[in-house]
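Structure first, commentary second.
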Amino acid sequence: MDFSRRKTGFLLSIALFQVLLIVQVAVAQTSNDERRQRHSEGYCAMYDICGERSDRKVVNCPYGSPAVKPDELLSSKIQSLCPTITGNVCCTEAQFDTLRSQVQQAIPFLVGCPACLRNFLNLFCELTCSPNQSLFINVTSISKIKNNSTVDGIDFFITDDFGEGLYESCKDVKFGTMNTRALEFIGAGAKNFKEWFVFIGRRAPNNMPGSPYAIQFLPTVPESSGMKPMNVSTYSCRDVSLGCSCGDCPSSPVCSNTAISTSNKGATCSVQIGSLKAKCVDLALAILYIVLVSMFFGWGVFHRTRKRSRSFRMKPFTDAAEGGESHSLSRQKADNLPMQRLEDANQSSTGVQLSVVQGYMSDFYRKYGLWVARHPTLVLSLSVGMVLVLCLGLVRFKVETRPEKLWVGPGSKAAEEKRFFDSNLAPFYRIEQLILATIPDALNGKSPSIVTEENIKLLFEIQKKIDGIRANYSGSMISLTDICMKPMGEDCATQSVIQYFKMDPSYDADDRLEHVNYCFQHYTSAESCMSAFKAPVDPSTVLGGFSGSNYTEASAFIVTYPVNNALDKEGNETQKAVAWEKAFVQLAKDELLPMVRSRNLTFSFSSESSIEEELKRESTADAITILISYLVMFAYISLTLGDTPRLSSFYISSKVLLGLSGVLLVMLSVLGSVGFFSAIGVKSTLIIMEVIPFLVLAVGVDNMCILVHSVKRQPLDLPLEGRISNALVEVGPSITLASLSEVFVFAVGSFIPMPACRVFSMFAALAVLLDFLLQVTAFVSLIVFDFLRAEGRRVDCFPCIKASSTYAESEKGIGGRKPGLLARYMKEVHAPILNLWGVKIIVVAVFVAFALASIALSTRIEPGLEQKIVLPQDSYLQGYFNNVSEYLRIGPPLYFVVKNYNYSSESIDTNKLCSISQCNSDSLLNEIARASLTPESSYIAKPAASWLDDFLVWLSPEAFGCCRKFTNGSYCPPDDQPPCCSPNDTACGLSEVCKDCTTCFRHSDLHNDRPSTAQFRDKLPWFLDALPSADCSKGGHGAYTSSVELTGYESGIIKASSFRTYHTPLNKQIDYVNSMRAARKFASRVSDSLKMEIFPYSVFYMFFEQYLDIWKTALINLAIAIGAVFIVCLVITCSLWTSAIILLVLAMILVDLMGVMAILGIQLNAVSVVNLVMSVGIAVEFCVHITHAFSVSSGNRNERVKEALGTMGASVFSGITLTKLVGVLVLCFSKTEVFVVYYFQMYLALVLLGFLHGLVFLPVVLSMVGPPSRCIRVEKQDERPSVSSQP
């Protein structure tokens, strides 16, 4: 992504380009030769200045004269710059002053590495002033300027050893402002010394940077010429005495001893088996599966053999032996009880011995059912009235839409760091962006280059329309120039290819395409390629879809408009920007999109406020889909609650009004939950309004179906109040168990730190609780009314209308009807098949295999939440995010922020941070540079731009064009800036205004090249206000204006300062997560090492922090959720056996769901974690009812499974599985992918897995290792009411 903040650093580069220009001029000026040359020691090849080109570049005289002894003053001057030049010299004072003024522009780039600087100066000192100049300089051509002979070309004989030594000492020296190498500016990015020499020696056209005459660097001299190559000794940057930093010289011994940080990517254990490579966890699980299946099969064979043996010996008691139930009558028979006991048993009936809690619950529901059936109006009024009171809180209803309030927890470390950064340094700027790309070729799939004359013209047309945008804000018309970022205070820092033309369509360029291609290679050195805002434009920030540095093959233009940001999100500055952004997006949709597409190009765009605006639109995009989902569920509920449709009586037996009433109760529970939390000041979210009604309806419908079906199963000869009472006794405990489990599970989600998910869980937990309470109160009352209506032959939906008496005959079987088709299938087909021993083996083997496979697959789930998923599928941002991943070649800016930096002379903090000479080898900036050498693990793309390094260089006496002062002690700018140079001057020299300016300090004023506390304090504001230019590229204005917090710095402590670098391109969510983890790990290590407080900051950290520990959060919350269900089951059933089986099935459903997530590519984030937590609660429905029915059934395990499936299997399938299924299926038509992925796909998987585990795997497990039956023999004369299991 083109994070244009680096553009402010580019301002400094303008100076660098001119450095190249003047350095080359210096080379040219000092070269002189004449046809009458003498090549011997003590002779010059060029001497004095004989002319000046039209662009005011001076050229030397081609006079081969003897070297001249300088006067004492000139000699001392030469010695200060060229210590290798002693005795006679081949330069005049004018030549030396020219040399000095030219090299001063290069010094700021190289002063951080004294070895490089010394070698660089020696090259030009020898060329200009060496007394043996004629031995290695040969003038090859002469030109005339005003009748004076001047040098037009020379051969410079120089050994490869010197060239190699020079290049090796300088190749890694960095220029902090631009986060790049100094050679990019003073060597055009040369890859070796020969390329560097070619750049230095080229003859530049008028007004272009470079030498005024040609210099050809040659390694060998002609035979018999008497010449020999220049071979002054070079200094290695590895020389500790010259103090090159680790960042400038990674091969330095002090650096090589420091270990590079280890890879952030943990090594993955794998095993090679022939040509197959498998993860260790996969292999371990495969072995475990083989062992488990073998043990299970062996146990099964042993069990069957043993059973057959016992059956042969005790054939009369075969059935009893199969049961194995210690509390059943069958086991009593198997144990050869006395005949008298059997006779007594014949005088008894079957009852259920419930747990203490279940006993209390059964007694409560028995009495409560009778009371509700007798007072339905009172119960309905009280229950609904209480919830309506909660709904009064809706008057304080508010919706939270701010992303930072939805997805960032209050204790977030990243949020706190962002607040610190924004308040002490500067808020990260707003980004408006356009991406134009070519369409891939249909045959080879390769995209053609976008760099064409026609497309460059298109960019100018687009820019004209962008400049014409006028947005109305409070009566003022806002344009781009009103809000854009202006580093130098004049022009917008727009990042675009047309910056190479100064944003001017009339820019004088003979061939635009040729000029652009030239700028791609010389953007740091060519003044003609300088942007309108006076800084270089890196091609990698304005182009996309290229490899390496092959910019000409780029398939995309990237145009970025950095816009000023503000702390106050509701203030005028922010609102102005938002108003302009809306007009920008509208223009892009209405005009730019058709314009670009007409040129057979793709077009995508985004503004800073686009995501928030699209999320708001999303809230209404799926309203119809969600409404249809509710209607489908309502229709299904109405059908499933009623009897089998019969033409003669469907208007009586249907339950449409009851279903509608149940749905209204669900909605009322949701409103009550929202009202309660609104009353206490908790804001709602869009996801609550869209998902919770659906969730509660899906959960609530289960209990509605189970209650109605249970009442319908009761004998018709019982009065209605008896049927209601018996139904509540039969299903009340399991409904309570399931509902409480769901409430506890949803409440667990409130421990998730992300506000949106925490609030969602809180609202859902209360909504489910209210729904449960309304179901056992208001809905039971409605059941009473509905059955009274049906028995009174009143029409459904129109209870005032009474049907004819002919309905009486058809209604006789309302309670004693035959079991439905589904119930008969469950009992007569499904259960017998599952009871087959071979089927049991297959079921267990398959389910265990998928569970273990899911464990292996779950390790492949990646954290994150793709931005395009949360947006509507028709959003214009969908294409934009795809293009960002495909085309951008630069990552987000990364800042390392230092708190409480002590710059006093007594502190060593300065050397702990900087990376120039005499800085610690393990300093922060050296460590950043070292980490950038391993970008695949550190995710750091390049060394950091250092205001501290540049400030220390700017202060240095060697950089004599930078920190200067007038005689009155005030700041004196460089000679090429006002007031030293008039803006109207085409070239600047020594002016009268600034002729008396001197450097701020002499070497004797500094201690080990470091300023004192007072010097640091006084000059830092000068540095931050200094403009970069050719004479001093290290000025801090623009590049570092917001890098240092000056408030309170007078005390010797800088509260906050930052050092900017860049992440590598981040294309996937996992890249963002890993880059943040790597940066934090790096900062923590360096902080501990330096004993300083340092933290990393990037604009995306606040939203990705959650993913650093998302697995830990997920596992803890899931463990708590499953534990809560286990405890609730244990408390209510008082059976460790039963609770353990439920726990096992829940865990398998959960694990399998995570396996499906991995298969479908669903990422782990707060939304999916909440879904997983909720899945525990929803999955309870599939387990609890079957298990409860099994525990209260009599007979052996197979018979009890058959009985449980016959009574509850149909309800679980029709009331739980199908109800959820029909509602979930509608969500696949959602326009927002987040609904499709996280609600349709995950809920569909949950429903199918719950169904398979609840109605296939669980019955098999119960038939094999189910808990003992709670059925006991109760004497008939015992008048205690019993609960009969239904046949």
Side-chain angles (χ1 to χ4, degrees), residues 6 8-9 11-13 15-16 106-117 170 172-186 237 242-250 252 254-255 895-898 901 903 908-932 940 942-959 962-963 1000-1001 1006 1008-1011 1015-1016 1019-1020 1022-1024 1026 1028 1032-1041 1043-1044 1054 1057-1062 1086 1090 1092 1094:
R6 68 177 292 179
T8 57
L11 303 170
L12 310 183
S13 331
L16 312 183
I107 287 175
F109 293 94
L110 308 176
V111 73
C113 183
C116 169
L117 178 60
C170 295
D172 293 314
V173 176
K174 62 185 184 299
F175 180 53
T177 307
M178 289 287 294
N179 297 87
T180 188
R181 298 187 308 156
L183 275 181
E184 296 290 338
F185 299 90
I186 63 172
C237 71
L242 291 172
C244 289
S245 68
C246 292
D248 293 334
C249 185
S252 174
V254 297
C255 306
Y895 301 87
F896 286 97
V897 181
V898 179
Y901 158 44
Y903 64 79
I908 60 173
D909 282 3
T910 297
N911 287 342
K912 287 181 178 180
L913 297 177
C914 65
S915 64
I916 59 173
S917 60
Q918 301 188 33
C919 298
N920 294 356
S921 62
D922 63 345
S923 68
L924 170 63
L925 291 163
N926 280 330
E927 288 295 314
I928 294 173
R930 191 174 292 111
S932 68
I940 297 175
K942 53 182 65 179
S946 169
W947 69 267
L948 182 57
D949 283 357
D950 285 355
F951 174 55
L952 294 177
V953 169
W954 184 83
L955 280 176
S956 172
E958 280 88 357
C962 293
C963 185
C1000 294
F1001 307 110
L1006 304 175
N1008 291 330
D1009 289 335
R1010 296 290 183 263
Q1015 291 168 341
F1016 196 112
K1019 298 303 180 287
L1020 182 58
W1022 287 14
F1023 166 73
L1024 295 176
C1032 181
S1033 59
K1034 291 293 186 178
H1037 184 74
Y1040 301 124
T1041 302
S1043 294
V1044 184
I1054 293 178
S1057 64
S1058 66
F1059 301 91
R1060 184 191 69 250
T1061 181
Y1062 292 88
V1086 174
L1090 302 181
M1092 299 181 71
I1094 303 169

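With no hydrogens or angles considered, a side-chain donor-acceptor pair links Tyr901 and Thr910 at under 3.5 Å.
The CD1 atom of Ile1094 lies 4.5 Å from the CG atom of Leu924; values are rounded to the nearest 0.5 Å. Annotation: the span from Ser956 atom OG to Arg1010 atom CZ amounts to 9.5 Å, rounded to 0.5 Å. Atom CG in Leu952 sits 4.5 Å away from atom CD1 in Ile916 (nearest 0.5 Å). How far CG of Leu955 is from NZ of Lys1034: 12.5 Å, rounded to the nearest 0.5 Å.
Panel note: side chain Ser923, backbone Cys914; a donor-acceptor pair is recorded below 3.5 Å.
Taking the side chain as every heavy atom from C-beta outward, Leu948 and Tyr903 never approach each other to under 4.5 Å. Considering only heavy atoms from C-beta on, Val898 stays 4.5 Å or farther from Asp909 through its side chain. At least one side-chain heavy atom of Leu1006 sits under 4.5 Å from a side-chain heavy atom of Pro957. Considering only heavy atoms from C-beta on, Lys1019 stays 4.5 Å or farther from Pro1011 through its side chain. No side-chain heavy atom of Asn926 sits under 4.5 Å from any side-chain heavy atom of Asn920.
Qualifying side-chain hydrogen bond (donor to acceptor under 3.5 Å, both in side chains) partners for Ser1058, counting only residues two or more places apart in sequence or in other chains: none. The side-chain hydrogen bond (donor to acceptor under 3.5 Å, both in side chains) check on Asp1009 picks up Gln918, with sequence neighbours excluded.
When all heavy atoms of Pro1028 and His1037 are compared, the pair lying nearest together is CD-O, 3.8 Å. Summarising the geometry of Cys919 relative to Ser915, their closest heavy-atom pair is SG-N, 3.5 Å, with the distance given to 0.1 Å. Considering all non-hydrogen atoms of both residues, Leu110 and Leu117 come closest at O-CB, 3.8 Å. When all heavy atoms of Ser1057 and Trp947 are compared, the pair lying nearest together is CB-NE1, 3.5 Å. Of all heavy-atom pairs spanning Cys1032 and Trp954, the tightest one is SG-CD1, 3.6 Å.
The aromatic rings of Phe951 and Phe1023 are tilted relative to each other, their planes meeting at an angle between 30° and 60°.
Of the options Leu913, Val1086, Ile940, a side-chain contact (heavy atoms from CB on, under 4.5 Å) to Phe896 is made by Ile940 and by none of the others.
Distance check for Cys237 and Cys116: the SG atoms are not under the 2.5 Å cut-off. Cys170-Cys113 SG separation is not under 2.5 Å; the pair is not scored as a disulfide.
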